[in-house]
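Quick notes on the structure that follows.
Just so it is clear, the values below take in all heavy atoms, side chains as well, and ignore hydrogens, waters and symmetry mates. A, B, ... follow the sequence lines: proteins, then strands. Residue 1 opens every chain.
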Amino acid sequence: MNPSDTTTIIGFFTGDGFAGYADAAAGVVFLIMLATTLVGGIIACTAERLVRAVAGLALSFIGVAAIYYFLNSPFVAMMQLLIYVGAVCVTIAFAIMLAAPEDTKKIGPSGPLSGPLGLVTAGLVTMGMTGLAVNTTFSVLPKENMGSVKLIGIELLTTYSMVFELVSIVLLIAIIGSLVIARHGRSK
Amino acid sequence: MSILNLHNNLNTYLILAAILFGMGVYGLVTRRTLVGMLISSELILVASSINFMAFNRFTAPDPTVGQIFTLFIMAIAAAEAAIGLSITIAVYRNYKSVDTEDLVDLKG
Amino acid sequence: MSGPIHIQPGETFILNVGPQHPATHGVLRVKMEMDGEYIVKAETVLGYIHRMHELMGENRTYPQVLPNLSRLDYLGALGYTHGHVLAVERASGIEVPERAEYIRVITVELNRVASHLFWFGAFVMDLGGFTPLMYAIEDREYILDMLEAVTGSRLTYCYYRFGGLYNDIDDEFIDRARAFIPRMRKSLKKYDALVTGNIIFRKRLEGIGPISAEMCRKYGATGPVARGSGINFDVRKNEPYSVYPEFDFDVPVYDECDSLARYYVRMEEMEQSLRIIEQGLDKLPEGPIMPKKKPKLIKPPVGDYYQAVETARGSFGIRIVSDGTKNAYRFKLRSPTYSNMSLFDEACEGMMIMDALALMGSLDLVIPEIDR
Amino acid sequence: MIKDTVLQSLRGLFPDPEPVVEEIVTEAAEGDEAEGEKKKPAKKKKEPRNNGVIEHDYAQYGYDIDVQLDPGELLAAVMIIDKAGFFLESVTGVDWIKEEQLEVVYDFSRYDFDTCRVVIRTRTPRAKPKVPTISKIYPGANWHERETHDFFGIKFDGHPHLVPLLLPEDADFHPLLKDFKP
Amino acid sequence: MGAYFSEIFRGLQSLAIGLGITFKEFFKPVVTVPYPYETIKMSERFRGHIELIENEDGTPKCVACGMCQRACPSGCISLASKSVKYEVEVKGEMKTKKKKVLTTYDLNFTTCSLCGQCVESCNFDAITFSKEYNLASDRKEDFHFDLLNRLEERNS
Amino acid sequence: MSLTILNAVIAVVIAIAFAALNAAYLVWAERRGAGRIQRRPGPNVNGPLGLLQPPADGLKLMTKQLIIPGGADKALFMVAPVLAMAPAIMSFVTIPFSENIVARSMNIGVLMIFAFASLGAMSILLAGWGSRNKYGVMAAVRAVSQNISYEIPMLITVITIVMMTGTMDLKELVAGQSGGIWNWNLVPSLSSPLMPVAFLIFFICTLAETNRAPFDLGEAESELVAGFHTEYGSMGFGLFFMGEYANIVIGASLITILFLGGWGCPLGLFPGVWWFLLKIYLLIFSFIWIRWTFPRTTIYGLLNLSWKILIPISLFNLLFTAGLLKVF
């Protein structure tokens with residue numbers, strides 16, 4: 001049991017007035033976002049049309065952004081929206097338009113066994129990780145870590161400055177590399 | 001523990017991450033197209049990010065390390081998406097298909 | 001930005017521009033094979049408002065065909081009627097009083113200005129600017145009101161008759177026409193500042209849609225399209241008809257061959273038309289507007305007659321094969337836009353769709369006139 | 001004068017000794033004019049016109065040179081015209097039903113001030129109308145020939161895309177034939 | 001480098017000029033007519049559809065000669081007449097004369113091309129153009145005008 | 001934490017109302033403005049000055065049948081308009097209209113607005129692709145490449161400002177500019193002499209990001225019919241429309257906050273929400289004015305403008321300002 005879990009379902013009714021309702025509302029929003037994430041994820045990995053999969057992925061990412069917000073890190077939440085939804089998903093959708101124009105062709109599983117096999121693999125992995133998560137006792141700090149942009153900035157430019165620079169190099173190489181690969185075979 | 005208070009529980013996030021990870025694995029196994037696999041791998045990446053974020057909030061003594069890791073993961077994911085998609089397009093140009101089973105030039 | 005592109009097979013798709021499309025200004029269809037934004041191949045499909053005017057010309061008596069000619073090109077209708085009356089007059093040897101010819105020239109040039117004005121507006125609208133159209137229409141309305149007061153109609157004038165005119169112009173018309181010239185010159189300055197100088201506009205047209213002089217010749221392009229390609233060809237000068245030799249005007253020619261050159265040609269043509277109108281109003285002789293003796297029934301002698309006139313869109317030719325009866329044996333209309341449009345298929349290859357549509361706009365299409 | 005040079009080279013197309021052609025031609029032309037003036041009913045003149053070159057009065061007819069030739073010589077004549085720098089004005093047909101012939105008329109004109117309009121006519125039997133295409137020389141003739149094919153049913157040999165242009169795609173009628181009944 | 005900046009500068013300048021022109025127009029009065037609430041008067045010579053002209057006694061001037069019918073390119077005029085006998089005094093004695101009287105004059109306005117050839121061909125000045133232009137209907141039949149009827153309605 | 005989420009929910013409701021009302025009456029303003037520029041009255045029949053036209057139009061759009069084209073991907077087709085409208089409304093949550101009127105003041109307000117604005121590209125893509133229309137797809141591809149390439153100079157310019165002011169909080173940004181026109185970020189100061197250029201870049205980018213003329217390539221009506229919303233009718237179209245105008249308001253608000261002192265009075269007196277509204281509506285008027293004056297750019301002209309002019313200059317501005325900040 002998590003010590004930070006102080007408000008109970010009874011607390012919702014007996015709680016101190018408005019704040020109780022507010023907590024409940026936050027809980028409802030969280031559930032909605034959880035559902036969004038999961039539904040988006042299911043669409044992303046099962047949809048027959050790739051564009052729908054990307055849309056599902058975007059939906060899932062929006063949910064994940066909300067979850068980051070609940071994890072007291074609005075900055076990362078916004079970055080999640082900006083990078084994952086605004087850039088990654090759009091790029092993937094873009095590529096689908098360029099590379100798979102005949103969208104009508106439905107994409108099924110690759111073989112008769114792959115469906116069940118995938119399900120079993122995924123199920124096992126999920127079960128294992130869930131079990132691990134539930135059964136491990138984490139040393140939870142009493143104080144919530146509040147995300148602070150300033151702190152992130154300071155850390156990025158001090159402790160992690162080397163990684164930061166490396167990431168920018170990786171990104172640069174990625175840009176150049178993808179340009180080179182994608183332009184290959186096209187004279188214009 | 002109330003259902004409305006799930007967001008204050010570390011396990012919620014870990015289980016969510018596990019499920020997303022499972023979905024990613026499932027997609028990776030069953031998808032036949034490169035883009036589909038890429039989408040699934042993004043799910044896996046985001047699942048790991050959630051874990052980082054969750055631990056960052058609930059357990060880590062340093063309030064920023066998880067977030068910074070997540071940011072790095074995002075950057076890498078963006079780079080991966082760009083490279084992966086350009087490869088996809090290049091493959092499409094050569095094979096007129098992004099179906100992994102059609103890309104069998106080396107298979108005797 | 002156009003240039004040689006290597007097309008990967010299977011990467012193209014067919015885009016139907018038209019028959020209902022904002023850029024075609026009517027029911028024209030261009031089947032474009034596209035590679036992304038680039039046009040690989042284009043095929044124009046015509047005939048959506050084909051009305052067989054040539055057969056009507058054979059089935060009707062010469063005067064009865066008159067209203068048809070206005071319906072070829074509803075924007076510059078008088079030029080086409082002018083061609084018809086000149087052809088029939090040439091065929092049957094009818095003399096036209098000088099006053100009538102002067103009035104014809106004045107009204108034709110007014111109509112040319114009106115047509116170019118509308119083209120100007122529509123062209124800028126093709127490029128996405130909506131407001132110049134409204135200003136152009138405001139000026140055009142002035143001309144249309146003027147012509148309506150004289151001819152009784154706004155677009156399909158049916159004003160000329162064999163040998164003369166339907167009715168004479170009055171002093172009010174002359175006053176209004178005189179007032180129109182300075183007003184129009186002022187407007188042209190405004191358009192210059194608003195549109196011609198605009199960097200976006202220039203960037204969209206400079207070097208876009210090149211049509212070489214040789215291509216013009218091979219396709220028989222005439223009018224502003226040819227003049228924008230450095231060809232000094234204007235039927236009014238090359239084969240003078242009516243009283244055009246009496247007027248002093250220049251034929252604007254630009255060597256750039258691009259859409260901007262065609263734009264300049266038309267804008268300058270408006271100024272030249274204003275000059276002609278000005279001179280016409282000054283020189284306008286007194287006298288009758290119909291010849292004293294005019295055959296009651298028009299029956300041109302047997303023969304094959306051709307008359308070319310310069311309409312707002314180019315050289316309009318009309319061939320009358322007469323068998324001596326009151327109906328034409330063969331009534332051929334050579335419409336300028338038909339030839340101008342026929343080079344579009346070749347010219348737009350390898351262009352981006354936006355540029356291709358700018359090129360199409362610069363050809364000044366009136367679809368009923370292509371389809372006839 | 002371009003007119004003279006073109007006239008010269010066009011006359012070279014006709015194998016007949018020149019004076020004979022000239023004679024026939026002037027006769028025909030005069031006959032035309034005479035009839036026009038007298039407004040005689042055109043009954044007698046139902047003989048097909050002879051091949052040859054006629055020099056016309058521009059003021060009266062609107063063109064200067066009128067050439068009639070066999071379909072076989074068409075391309076040679078058009079090449080001469082092309083070399084001389086003419087542009088294609090139009091291509092059209094005329095149905096001479098009484099003579100059982102279809103005429104294809106090509107109009108050419110010039111861009112410069114050396115005005116010269118040339119009309120080339122060629123006749124083909126009405127039952128099996130067939131004329132070589134000039135769209136290889138003048139690509140602009142492509143549409144004009146398709147239109148003529150629409151209206152008269154004249155087949156243009158070697159035309160790259162002879163499908164209806166102005167008429168509906170599935171049109172199998174030719175409205176400008178004199179025996180066309182809608 | 002200089003060209004780069006001067007192009008930017010000139011471009012911005014041209015844009016500013018354009019904005020200035022539209023800004024000036026913004027404060028000018030409107031030039032349009034709010035149509036259904038305000039209409040404009042048609043000019044003297046406006047060619048609407050045709051109307052019959054009446055004599056002083058209210059009967060149509062038309063003698064039913066049929067010239068207009070023949071002149072019409074689209075064949076939209078159809079008229080019928082009957083002959084009536086009437087007596088006139090010629091040199092003191094009464095003579096019976098025949099005269100055509102118009103019984104119907106139909107104008108099929110749906111095919112009319114408003115060319116005005118009918119009016120021009122009329123030797124008796126019996127038809128004229130109406131100045132009516134507010135013609136709209138969703139039924140074809142509304143544009144089959146019985147001009148004789150219209151004449152009577154006008155007189156009554 | 002929890003309280004703020006309830007607040008946010010309420011704020012979203014208010015934002016929806018504000019966005020919808022704004023969209024409706026901006027359409028009216030746009031049409032009236034266009035009319036005046038073109039010397040015609042614009043909508044003037046329904047109600048005084050045609051003020052009842054927007055509700056009438058809205059009613060018409062709502063009662064029309066939603067037609068989904070045969071080959072369309074139904075789910076995406078329906079989702080896209082919502083995705084166009086929702087982020088715009090979310091962005092309203094963080095915009096401070098005055099010192100007190102703000103739904104949820106965040107310390108990273110600028111970032112939030114950009115995060116939600118980046119969702120717009122996704123909605124355009126889905127709309128174009130989902131409606132299975134070639135014009136739609138072409139327009140979507142255009143609009144997205146445009147949005148992506150204009151986001152770069154826009155963000156660089158914002159970073160310049162953030163660097164100058166040291167905050168991403170919209171309220172603090174405004175507070176830093178209080179006290180008169182000379183304190184506005186627009187006015188060049190010793191450490192940032194290129195601010196007017198930055199303002200111009202940001203203004204152009206806003207036009208491009210909101211798909212306004214002369215950068216309305218996504219709906220270039222003369223070549224792509226209606227662009228990505230070619231197939232949309234009824235409320236689907238209505239939502240796109242509302243989203244577009246809501247984006248315009250957000251863009252204008254952002255310019256006001258970043259450069260024009262937010263709710264501050266130019267003279268330093270009586271700051272308040274009215275000043276804010278006055279500024280954004282003046283900006284919106286200038287958007288309308290520009291739209292009805294210029295022709296549309298080409299797609300390559302647009303990208304050239306971004307990559308060859310705006311990005312280099314804004315990068316130079318960033319470095320230059322950084323250098324000057326270090327010096328002074």
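Between the CD atom in A:Gln80 and the CE atom in B:Met74 there is a gap of 4.5 Å [rounded to 0.5 Å]. Annotation: the span from A:Ile67 atom CD1 to B:Ser49 atom OG amounts to 12.0 Å, rounded to 0.5 Å.
Within the 4.5 angstrom heavy-atom criterion, no atom of A:Val120 approaches chain B. Residue B:Leu28 does not touch chain A at all, counting heavy-atom pairs closer than 4.5 Å. Looking at A:Ala44, the atoms closer than 4.5 Å to chain B (heavy atoms on both sides) sit in the backbone and in the side chain alike. If you measure heavy-atom distances from A:Thr159 to chain B, you find no contacts under 4.5 Å at all. Using a 4.5 Å cut-off between heavy atoms, A:Val64 contacts chain B through its side chain alone, with no backbone atom that close. The contact between B:Ile73 and chain A is made by backbone and side chain atoms together, counting heavy-atom distances below 4.5 Å. With a 4.5 angstrom heavy-atom cutoff, A:Ile92 touches chain B via backbone and side-chain atoms both. The contact between B:Ile87 and chain A is made by backbone and side chain atoms together, counting heavy-atom distances below 4.5 Å. Using a 4.5 Å cut-off between heavy atoms, B:Ile68 contacts chain A through its side chain alone, with no backbone atom that close. Residue B:Leu71 touches chain A through its side chain alone, counting heavy-atom pairs closer than 4.5 Å. For B:Ala81, the part lying near chain A is the side chain, with the backbone staying farther off; criterion is any non-hydrogen pair under 4.5 Å. A:Ile176 does not touch chain B: none of its heavy atoms, backbone or side chain, sits under 4.5 Å away.
Taking the side chain as every heavy atom from C-beta outward, A:Met129 and B:Ile19 never approach each other to under 4.5 Å. Side-chain contact between B:Gln67 and A:Tyr68 is absent, with no heavy atoms from C-beta onward closer than 4.5 Å. Residues A:Val163 and B:Phe69 are not in side-chain contact: their nearest non-hydrogen atoms beyond the backbone lie 4.5 Å or more apart. Two residues are said to be in side-chain contact when any heavy atoms from C-beta on lie closer than 4.5 Å; B:Phe72 and A:Leu156 meet this criterion. Using a 4.5 Å heavy-atom cutoff, the side chains of A:Ser60 and B:Leu43 are in contact. A heavy-atom distance below 4.5 Å is not found between the side chains of A:Thr121 and B:Tyr26. Proximity of A:Leu38 to B:Leu16: side-chain heavy atoms (C-beta onward) are separated by under 4.5 Å at one or more points. Counting heavy atoms from C-beta outward, B:Ile15 and A:Thr126 have side chains that stay 4.5 Å or more apart.
Counting all heavy atoms, side chain and backbone alike, B:Met23 lies closest to A:Ile42 at CE-CG1, 3.1 Å. Closest heavy-atom contact between A:Leu171 and B:Ala79: CD2-CB, 3.9 Å. Heavy atoms only, all atoms of each residue included: A:Ser178 and B:Ile83 are closest at N-CD1, 3.8 Å. Closest heavy-atom contact between A:Ile83 and B:Ala78: CG2-CB, 4.2 Å.
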- Worked check of side-chain contact (heavy atoms from CB on, under 4.5 Å) between B:Phe55 and A:Leu71: CA-CA 10 Å; B:Phe55 284 125; A:Leu71 285 170; over 6 Å; no

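When the candidates B:Ser86, B:Gly22, B:Ala18 are compared by the number of heavy-atom contacts under 4.5 Å with chain A, B:Ser86 comes out ahead. Of the listed residues (B:Thr70, B:Val46, B:Val25), the one with the most heavy-atom contacts under 4.5 Å to chain A is B:Val46.
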